Amino acid sequence: MINNFLKISNLSKSYDDNSEKIQVLKNLNLSLSDNKLIALLGPSGSGKSTLLHLLALLDKPDNGSIFFDKIDLVKISDEEKTIYRRNAISIVYQNNNLISDLTALENVLIANLCKTQNKGEAHKLAEQILKSFGLESRMNHYPYQLSGGEQQRVAIARAIINNPKIIIADEPTGNLDKKNSDLILNYLIKLKQPGRLILIATHNRELANKMDLRLTLSNGNVNIKS
Ligand SMILES: Nc1ncnc2c1ncn2[C@@H]1O[C@H](COP(=O)(O)OP(=O)(O)O)[C@@H](O)[C@H]1O
Ligand SMILES: [Mg+2]
């Protein structure tokens, strides 16, 4: 186990909304080890997406640090952030954001192609992952030809093809029925491994109870329950 695999120190984030300042995260401190599946809970508006976007390097905090890989990710250049997002930190959204004029297979392999430039390898790897997600007969379909649950499986396949060390999912089953939510969750559970941390924002208590740790956001900070 790696202690302090991800360490968040004094993280603050506010938004300016019509000259009013909304303080979403207030000096948040959190230290997480690897090989964990973590649920991020909290009512709508409590700042789950804000925190996950900061961790996915899609936004900048007002203050604080995000230590990973022995460096403070807040301080690195935009070019370095792009490299981290490509190789180490992946995010899955509630809406899958698949590219509509690419097939399922192409949507997945393109993420790997950006990293390796090897089309043959990327193709093979994408096929392998989609098969493991039960999508072997859906690989050459376009997103509009897939169900919501299938689209979300493709989005997860795309998020993991580069073997990320941190997987972030922001209400990944928010638009799905119970059967598909359970299916997606079971695929996410299988991705847990040493050297990797998985964070999932969800409103689903039953689902959260199956995870290793539950974090609840309230008043800009986080409470931990194991
Ligand atoms: N880009 C933004 N500009 C202004 N306010 C925002 C922005 N993004 C989020 N907020 C506000 O920050 C708070 C936290 O939002 P969010 O992180 O999306 O919460 P959650 O994901 O838990 O529902 C909310 O009050 C929301 O309205
Ligand atoms: Mg949200």
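Keep in mind it's a predicted model, so treat the numbers as computed, not measured. When a ligand or atom number is given, it counts from 1 through the structure's own listing order. FYI, the numbering just counts along the sequence from 1.
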- Task: May I ask you to check whether Ser49 brings an N, O or S atom to under 2.8 Å from the Mg ion (ligand 2)?
- Result: yes
- Please report the shortest heavy-atom distance between Lys21 and Ser14, naming the atom on each side. CE-OG, 3.2 Å
- Message: Heavy-atom count check: over 12 atoms from other residues, nucleotides or ligands less than 6.0 Å from Lys60 NZ?
- Response: no
- Query: What are the two closest heavy atoms between Asp101 and Tyr142, and how far apart are they?
  - Reply: O-CE2, 3.5 Å
- Message: Taking NZ in Lys13 as the centre, count heavy atoms belonging to other residues, nucleotides or ligands within less than 6.0 Å. Is the count above 12?
- Response: yes
- Message: Within a 6.0 Å radius of atom NZ on Lys115, are there more than 12 heavy atoms belonging to other residues, nucleotides or ligands?
- Response: yes
- Message: Please list all pairs meeting ring-ring contact (aromatic ring centres under 6.0 Å, His included) that have one or both residues in residues 184-206, counting only residues at least two apart or in different chains.
- Response: Phe133-Tyr187
- Message: For a quick check: using heavy atoms under 4.0 Å, what are the residues in contact with ligand 1, sorted by chain and number?
- Response: Tyr15, Val24, Pro43, Ser44, Gly45, Ser46, Gly47, Lys48, Ser49, Thr50
